[in-house]
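Reminder, nothing fancy here: chain letters follow the sequence lines and each chain counts from 1.
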2 protein chains.
Amino acid sequence: MNQNIVELFKANQIKNTTQRHRVIEYLIKCKEPVTAESIYIALFEDDAYEDKVNLSTVYRILDLFVKQSIVLRNSFGNEHKSTYEFNRREHKHHLICVKCNKVTSIKGCPLKAYEQDLGNQTHFKILEHRLEIFGVCPSCQERGN
Amino acid sequence: MNQNIVELFKANQIKNTTQRHRVIEYLIKCKEPVTAESIYIALFEDDAYEDKVNLSTVYRILDLFVKQSIVLRNSFGNEHKSTYEFNRREHKHHLICVKCNKVTSIKGCPLKAYEQDLGNQTHFKILEHRLEIFGVCPSCQERGN
DNA sequence: ATCGCAAATGCAAATCAATCGCATTTGCGA
DNA sequence: TCGCAAATGCGATTGATTTGCATTTGCGAT
């Protein structure tokens, strides 16, 4: 039982159940966004626990985590399924290789000043943005094509 | 029978069927991205034609148009359905109201110089990007909440 | 203009991600 | 330790999209 997770749940008024603990523990380990189904499979195959976590429970847990902002939900490219990642509270974007679909995180953000301008022009109250950049990664460039 | 559309199809080796003609004609009229279902309903309710276009046909037509790049497919926010828009070959982004989900197009792009830098830093060959900005539109701000 | 046939469409059934209803179980405060 | 609201499991359901197959249609060759 990871004490940091217990604290995280307490701070967000989230009841500490085995299933929630296992989901967030797994997400914290993941370096890139994952689907609900892949979380389900990972937990299913984890022999450290004999009980299996139900897929609908995974979805319910993810909804809760997203609502509490401890997890972020995305959907990349034209995929019509969501991916989830632990919210590390750092503003970042993703660089996606169009050949191999590898997702790389980019630190830093070029949009601060632009958002200010845009808010003034449109009278929207700007809250956040999502930026994905597509290209060909170095290894796919080497392999030609 | 719109001759521009006939030309567009010819240029893209797309067989000119009634259904395809009606779908692209409708998309060209739309100012903002629309779902497959709303295209289906719009064509269904159009009394200028007595034949109705099937929903699976709409999907098949959209897939073809996207493959040929005469139409762009998006999916905004965390909606798990796609929207489609005629590809006007102009680079633009979208501003989405988190309250009413209205989508507004933004002309211009703040990322030209940034992409150059990013390419140099990461050795990716940068191809394109997708930027969505979220906020609260003026009318929703007025209504409070 | 007509014919032939590959390609496109209609329709219904299937699939895939996500959600829901309800009976059972579990974590946590008294 | 007890009680109960909240969480989970499981199966059924929804909503978007896709597919299989029989029928129809557009277009090039005649």
Identify which nucleotide among C/dG10, C/dC28, D/dG9 has an atom closest to any side-chain atom of A/T57, counting heavy atoms from C-beta outward.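 Selected nucleotide (nearest to the side chain): D/dG9.
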
Side chain of A/S82 only, heavy atoms from C-beta on: which candidate in D/dT18, C/dA18, C/dC28 is closest?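 The answer is C/dA18, which lies nearest to the side chain.
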
What about [X]: does its side chain form a donor-acceptor pair under 3.5 Å with the base of [N]?
X	N	answer
A/T17	D/dA6	no
A/S56	D/dG11	yes
B/R20	D/dG26	no

Distance check: side-chain N/O of [X] vs OP1/OP2 of [N], anything under 4.0 Å?
X	N	result
A/T18	C/dT26	no
A/T35	C/dA17	no
A/N54	D/dT8	no
A/Q19	C/dG27	no
A/K15	C/dG27	no
B/Y59	D/dT17	yes

Has A/R22 got its NZ or CZ under 6.0 Å from the middle of the six-membered ring of A/Y49, at an angle within 45 degrees of the ring axis?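 The answer is yes; both the distance and angle limits are met.
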
Both distances below 3.5 Å, Watson-Crick or wobble geometry, any strand: find the nucleotide opposite C/dG29.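 Result: D/dC2.
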
Pair assignment for C/dG10, Watson-Crick or G-U wobble, requiring both distances under 3.5 Å: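 Base-paired to D/dC21.
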
Nearest-angstrom distance from the residue atom [atom1] of [X] to [atom2] of [N]:
X	N	atom1	atom2	result
B/D63	D/dT19	CG	C1'	12 Å
A/H21	C/dG27	NE2	P	12 Å
B/Y40	D/dA16	OH	P	13 Å
A/E50	D/dG9	CD	C1'	16 Å
A/Q13	C/dG27	CD	P	20 Å
B/R60	C/dC11	CZ	P	12 Å
B/F44	C/dT9	CZ	C1'	16 Å
B/D51	C/dC11	CG	C1'	15 Å

Let me spell it out: for each of B/K81 and A/I61, pick the nucleotide of DNA chain D with the closest heavy atom. Which residue's pick is nearer the 5' end?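 Mapping each residue to its closest nucleotide by heavy atoms, the 5'-most match is A/I61.
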
Between A/K52 and A/H80, who's closer to the 5' end of DNA chain D by nearest nucleotide?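 Mapping each residue to its closest nucleotide by heavy atoms, the 5'-most match is A/K52.
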
Assert yes or no for the condition that the ring centre distance of B/H94 to B/F76 is strictly below 6.0 Å.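 Between B/F76 and B/H94, which both carry aromatic rings, the centre distance is below 6.0 Å.
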
Given the side-chain rings of A/F9 and A/F65, with only the six-membered ring counted for Trp, is the space between their centroids under 6.0 Å?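 Under 6.0 Å, so yes.
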
Is it true that, when you exclude B/E32 itself, more than 12 heavy atoms of the residues, nucleotides or ligands shown sit nearer than 6.0 Å to its CD?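 Counting neighbours around CD of B/E32, more than 12 heavy atoms of other residues, nucleotides or ligands fall under 6.0 Å, so yes.
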
Any idea how A/Y40 and A/F44 line up, ring-wise: parallel (<30°), tilted (30 to 60°), or perpendicular (>60°)?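 Plane angle between 30° and 60°, so tilted.
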
Determine, for B/K92 against B/E85, whether the closest basic-nitrogen to carboxylate-oxygen distance falls under 4.0 angstrom.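 The answer is yes: the pair qualifies as a salt bridge.
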
